[in-house]
Amino acid sequence: ARLVARGVGAERRVGLCVARGPALVAALLGIIRSGGAFVPLDPEYPPARLAQMIDDAGIVQVVADSASAKQVDAVLAGCEVVEVGDAVLAIRPDDDASAETATAAPHFLDARLHPDQLAYVLYTSGSTGRPKGVGVSHGALWTHLQDFLATYGIDGTDTVLHSSTINFDVALHETLPALLRGATVEMRGTQPWDLQSLSERLVKRRVTFARIPTALWQQWQRHAPPRAQLALRQVTVGGEALPGDALARWREGPLADIRLDNLYGPTETTVAALYRRTGADDARQVTVPIGHPYPGRTARVFDAFGDEAPVGGLGELCIGGPTVARGYQGRAALTAERFVPDPYGEPGARVYRSGDLCRVRADGTVEFLGRLDQQVKLRGQRIELGEIEAALRQCDGVREAAVIVVGEAQKQRLAAYVAGPSDAASLQTVDAQRLQRELEQKLPGYMVPSSITVLARLPWMPNGKLDRASLPAPQAGAIERVAPSNEVEAALLSIWAAVLGRDDLGVTDNFFEAG
């Protein structure tokens with residue numbers, strides 16, 4: 001009601017800058033029910049990126065808790081901040097807010113949401129150097145929630161784990177389906193869980209339904225509590241490819257009776273578009289298929305000529321149906337490129353070109369094989385390498401830039417290469433550590449390369465494309481490696497070396513910068 005009194009309604013984008021907790025749910029539902037569309041603004045993001053998002057979305061009002069608002073006060077200076085309490089809001093008769101509520105309540109109660117009305121805008125990495133906002137309608141969100149509930153039978157007896165940040169849409173199906181059915185939502189606090197705290201929460205809170213990112217699930221299952229202590233009936237994984245050998249380990253272990261589903265879905269198709277209830281045959285595959293689309297949606301593979309590929313043929317996965325997003329906020333050309341007419345749908349129907357290389361089995365099961373473009377998936381995060389390269393080229397002294405993924409499986413990390421001025425003397429002024437600090441001010445932490453290598457020039461092929469095979473091994477720079485001084489440091493360093501796949505670390509290295 002306070003938002004409505006401030007003019008919030010259909011198509012108005014409202015910033016959501018609230019720390020994890022009950023107030024986050026209140027703010028989220030408040031924006032939805034006011035008719036506005038929420039835009040997550042993570043206070044941990046660099047101010048420059050937040051300012052970009054606020055400007056791109058045309059945000060005037062921001063719902064924030066006092067601590068978050070204070071943390072990014074400079075960025076929110078041009079916005080009207082509507083504060084939400086740190087716990088339950090109690091409005092006394094003498095509060096100014098009470099008058100606003102009384103005035104707005106009749107309009108608020110009469111509010112109706114049209115299915116095509118904007119529900120939220122989520123920003124993802126963009127190849128042009130700035131993030132792109134994906135606009136999703138209420139109809140798309142509602143359809144997904146109903147499909148999710150029908151597929152997994154969540155009811156009032158369930159306790160659903162909520163671990164994801166609101167900056168990513170999976171947080172919506174970790175909370176909203178449970179609330180629609182009167183189930184309990186078990187929320188993580190502001191600190192991420194390690195394996196022990198995750199297990200403790202699953203056991204003590206009798207969690208029955210948990211979504212765990214694929215990489216974390218692989219580690220957790222090796223250290224999971226005894227089956228008798230867990231109330232889990234369903235686990236879903238997603239964010240990156242599910243290895244068949246990891247599934248085999250699960251199926252041969254004590255937790256094999258817990259249903260495990262592999263989920264897939266870009267933000268542009270509303271949270272999750274396909275799912276696979278894993279079975280014994282999947283454990284014998286290199287990677288587990290991403291399955292079939294949820295009811296009412298389509299998943300087809302098209303070849304380079306725009307024709308549907310035959311069974312087993314390779315091509316780009318295109319997803320259609322009522323959950324396809326409206327498009328990219330203020331980016332008509334990019335929207336037209338990625339959201340194209342559905343040749344098999346009703347007039348006006350569209351499909352989203354995922355950019356993923358896939359094939360379809362005879363029974364309609366979709367297998368994921370990799371990416372067709374520069375976008376990568378690293379520890380569950382979609383990253384456009386072009387955005388990082390563009391940010392590097394904006395740094396002083398950088399003439400050319402390239403970013404690649406190095407390492408295998410869980411040891412993958414981002415590595416950047418830059419070329420400075422053409423003369424050797426000026427080249428010495430290009431400092432990798434300075435560039436890394438500059439990127440930290442422009443990009444979220446998960447997009448900052450773990451190493452930046454300075455070259456005289458980047459290797460190019462005759463056709464004008466980057467010769468990635470000729471790039472040297474990444475270098476973290478001339479940093480003194482400090483040897484361990486006791487048994488604890490030696491043990492910790494050996495763990496880091498094993499996890500990161502590196503043997504050149506010292507005890508003063510930064511774990512995240514190292515990979």
Side-chain angles (χ1 to χ4, degrees), residues 41-56 71-78 123-132 331 374-376 378 381-406 413-461 464-468 470-481 504 508-515:
L41 301 173
D42 190 337
E44 299 299 326
Y45 276 10
R49 191 176 184 85
L50 290 176
Q52 254 183 341
M53 293 161 61
I54 290 172
D55 178 67
D56 188 75
Q71 185 175 344
V72 292
D73 56 350
V75 177
L76 302 183
Y123 279 84
T124 66
S125 179
S127 59
T128 61
R130 63 188 180 102
K132 56 183 187 288
R331 310 277 284 276
Q374 260 204 308
Q375 191 181 91
V376 298
L378 196 63
Q381 313 291 357
R382 290 171 57 193
I383 300 172
E384 292 273 7
L385 299 182
E387 181 174 359
I388 307 173
E389 292 169 353
L392 276 168
R393 287 193 294 270
Q394 294 169 8
C395 298
D396 290 340
V398 175
R399 177 168 46 90
E400 298 174 321
V403 179
I404 63 172
V405 176
V406 297
R413 65 185 193 274
L414 295 171
Y417 296 83
V418 299
S422 54
D423 60 289
S426 300
L427 184 62
Q428 302 301 318
T429 66
V430 182
D431 177 39
Q433 292 186 34
R434 172 182 64 81
L435 295 178
Q436 201 145 20
R437 288 193 297 270
E438 285 193 42
L439 289 185
E440 289 170 355
Q441 301 302 313
K442 298 177 180 179
L443 302 172
Y446 66 87
M447 291 178 64
V448 178
S450 61
S451 65
I452 298 178
T453 303
V454 181
L455 303 174
R457 63 181 181 84
L458 298 185
W460 299 97
M461 294 188 288
K465 293 184 179 180
L466 179 69
D467 187 358
R468 298 179 183 274
S470 296
L471 289 170
Q475 298 176 358
I479 302 174
E480 182 183 358
R481 303 302 176 192
D504 59 343
T508 58
D509 280 294
N510 181 295
F511 183 78
F512 299 98
E513 290 176 3

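Hydrogens, waters and symmetry mates play no part in the numbers below; they use all other heavy atoms, side chains included.
Between V448 and Q436, some side-chain heavy-atom pair lies under the 4.5 Å cut-off. Counting heavy atoms from C-beta on, the side chains of L41 and V72 never come closer than 4.5 Å. Annotation: side chain of L443 is in contact with side chain of E387 (closest heavy-atom distance under 4.5 Å). Between V418 and L455, every side-chain heavy-atom pair lies at or beyond the 4.5 Å cut-off. By the 4.5 Å heavy-atom criterion applied to side chains, Q52 and P131 are counted as neighbours.
Considering CD1 of I383 and OH of Y446, their distance stands at 6.5 Å, rounded to 0.5 Å. Note that CG of D396 and CG of D431 are 12.5 Å apart. Values are rounded to the nearest 0.5 Å. Interatomic distance, C395 SG to R437 CZ, rounded to the nearest 0.5 Å: 11.5 Å. Atom CG of residue L471 and atom OG1 of residue T453 lie 8.5 Å apart, to the nearest 0.5 angstrom. Atom CD1 in I54 sits 13.0 Å away from atom CZ in R49 (nearest 0.5 Å). With rounding to the nearest 0.5 angstrom, the CG atom of L439 is 9.5 Å from the CE atom of M447.
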- [ ] Dump the intermediate steps for side-chain contact (heavy atoms from CB on, under 4.5 Å) on L76 and L50, then the final yes or no.
- [x] CA-CA 9 Å; L76 302 183; L50 290 176; over 6 Å; no
Open item on the list: For a salt bridge (charged side-chain N to carboxylate O under 4.0 Å, His left out) check, start with the C-alpha distance between E384 and R130, then their side-chain angles and the critical distance, and finish with the verdict.
Closed with: CA-CA 10 Å; E384 292 273 7; R130 63 188 180 102; over 6 Å; no
TODO: Evaluate the criterion side-chain contact (heavy atoms from CB on, under 4.5 Å) for residue pair L414 and V406; output intermediate values, then yes/no.
DONE: CA-CA 6 Å; L414 295 171; V406 297; over 6 Å; no
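Residues K132 and S125 come closest through the heavy atom pair NZ-O, 2.6 Å. When all heavy atoms are compared, the tightest approach of A419 to A456 is CB-O, 3.9 Å. The two residues A51 and V75 make their nearest non-hydrogen contact at N-CG1, 3.9 Å. Of all heavy-atom pairs spanning P474 and R413, the tightest one is CG-NH2, 4.1 Å.
With sequence neighbours left out, the side-chain hydrogen bond (donor to acceptor under 3.5 Å, both in side chains) criterion links Y123 to D56. E44 meets the side-chain contact (heavy atoms from CB on, under 4.5 Å) test with D42, Q71; sequence neighbours excluded. With sequence neighbours excluded, the residues forming a side-chain contact (heavy atoms from CB on, under 4.5 Å) with A402 are E389, L458, L466, listed by chain and number.
Heavy atoms from other residues, nucleotides or ligands lying under 6.0 Å from CZ of R457 number 12 at most.
Using a distance-only test at 3.5 Å, with no hydrogens or angles considered, a donor-acceptor pair links the side chain of Y417 to the main chain of P472.
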